[in-house]
**Student:** 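Here's a structure for you.
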Amino acid sequence: AAPVMLSRFRGALVGSVLGDCIGGEFEGAVDVPLDRVLQHLSALDDETRGDGILQYSDDTAMMRCVADSLLTRMAFDERDMARRFAKEYNLAPYRGYGSGVVQVLRKLASPYLKDVFQPAQAQFGGRGSFGNGGAMRAAPFALAFKSCDDVRKYSRLGAMLTHSCSLGYNGAVLQALAVHLSLQGALAMPTEFIDKLISEMEEMERDETAQFDAKALNLSEFPYCSRLHMVKELMDKKSVSIEEVISELGNGIAALQSVPTAIFCVLHCLEPREGLPEQFGGLERTIAFSLALGGDTDTIACMAGAIAGAHYGIDSIPQSWQKSCEGVAEADDLAHRLYDLYCLP
Ligand code: 8NA
Ligand code: MG
Ligand code: MG
């Protein structure tokens with residue numbers, strides 16, 4: 001079973017980078033016709049295309065910091081991870097970071113900072129960020145820790161370095177758990193997969209802070225659970241339009257409007273879909289469908305790419321796509337090293 005798991009690890013991190021790089025093209029777009037998505041994707045096959053390699057953004061930059069930190073420390077070390085975020089931002093501030101998180105990253109650079117969780121807690125008048133920046137970099141937690149308990153615990157803390165609102169860090173835990181389950185092969189049974197995520201979120205959203213934050217933001221109680229129930233409803237429908245996905249699940253930069261959406265993209269694309277090329281495999285369908293939603297396409301495709309890559313494995317990812325994206329070799333190397341760590345007794 002070892003080579004299968006390695007392939008899943010590589011698929012997860014490479015899939016995540018691919019989604020970020022390929023999705024960057026449509027970031028913030030309101031209407032993305034499927035034709036344009038397919039054109040963008042088929043241009044990746046063209047060796048002679050002029051526009052060079054597709055650059056990765058904050059999603060991948062921070063994912064690499066998470067993986068590097070977990071590998072170097074062989075554990076979760078909040079100070080080390082915080083330092084890497086700050087250093088990476090300082091080296092490459094042009095990667096498209098969210099406008100709020102930049103303030104946190106600047107404060108994390110200070111050598112005098114005592115509590116590395118404090119800058120995140122000061123965001124948005126003390127409410128903390130509910131953006132998807134914690135979730136977009138959560139995949140490595142699922143590769144570094146074997147037990148579900150550890151994945152939950154450390155993906156939460158890792159997100160809290162920048163996202164102290166429960167909607168922000170709970171989205172990161174949901175993403176990490178989706179990758180964790182996918183690595184175990186759980187997407188072979190899609191209904192059980194979504195049910196498991198719903199019961200996980202039920203547990204998390206029973207928490208007092210989660211209840212308080214939901215109320216303060218005028219959301220229904222158990223906001224993630226409601227979205228995941230909607231994912232399940234949409235899964236059972238024969239055909240689902242892009243408009244329906246956007247209006248029921250969202251495509252925005254809030255974790256609540258993007259993590260369940262990414263999970264839906266993966267589930268929906270387990271089967272061939274009308275409008276998507278027949279020769280596409282599941283991972284290609286997942287990326288294509290994510291881009292067609294518009295909105296925060298790099299991040300939704302990044303998260304969906306990690307979950308789908310963990311399911312289909314590295315061999316499902318076209319070579320031409322891998323060659324078109326910045327940082328693929330580095331992500332593949334991180335996946336190999338996380339796999340070696342995972343195999344330690
Ligand atoms: P963030 O923490 O700055 O959050 C993103 C945005 O969400 C903030 O700038 C606010 O507008 C809003 N927001 C979050 N929390 C609150 C709150 N409590 N009250 C009011 N508004 C709030 O950054 P992040 O790391 O979560 O952002 C992640 C997203 O930003 C990713 O999609 C990433 O790709 C990037 N992004 C960049 C661009 C770009 O133009 N380069 C566009 C979209 C997203
Ligand atoms: Mg980005
Ligand atoms: Mg984004």
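In listed order, ligands and their atoms are each counted from 1.
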**Student:** Contact between V179 and F141 at the side-chain level, heavy atoms closer than 4.5 Å - yes or no?
**Tutor:** no

**Student:** Is the backbone N or O of S69 less than 3.5 Å from a side-chain atom of T72, with the two atoms forming a donor-acceptor pair by type?
**Tutor:**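 Checked: no pair found.
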
**Student:** Taking S16 for the side chain and A12 for the main chain, is one N or O donor matched with an acceptor at less than 3.5 Å?
**Tutor:** no

**Student:** Does any pair with a residue in residues 145-154 pass salt bridge (charged side-chain N to carboxylate O under 4.0 Å, His left out), and if so which ones, sequence neighbours excluded?
**Tutor:** D149-R152, R152-E200

**Student:** Checking E78 side chain against V116 main chain: does a donor-acceptor pair fall under 3.5 Å?
**Tutor:**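 Not at all, since once roles are kept as given, no pair shorter than 3.5 Å links the two residues.
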
**Student:** What count do you get for protein N/O/S atoms less than 2.8 Å from the Mg ion (ligand 3)?
**Tutor:**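 Count of protein N, O, S atoms less than 2.8 Å from the Mg ion (ligand 3): 3.
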
**Student:** Can you list every protein residue that has a heavy atom under 4.0 Å from any atom of ligand 1, sorted by chain and residue number?
**Tutor:** E27, D58, D59, G96, G98, S99, G100, V101, F124, R127, G128, S129, F130, G131, N132, G133, H163, I253, D296, D298, T299

**Student:** Applying ring-ring contact (aromatic ring centres under 6.0 Å, His included), which residue pairs with at least one partner in residues 284-334 are found, sequence neighbours left out?
**Tutor:** H268-F289

**Student:** Do NZ/NE/NH1/NH2 and the carboxylate oxygens of K238 and E271 come within less than 4.0 Å?
**Tutor:** no

**Student:** Honestly, is R36 close enough over F26, meaning NZ or CZ under 6.0 Å from the six-membered ring centre and within 45° of the axis?
**Tutor:**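 So R36 doesn't make the cation-pi contact.
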
**Student:** Is D213 reaching over with its side chain to a backbone N or O of S166, donor-acceptor style, under 3.5 angstrom?
**Tutor:** yes

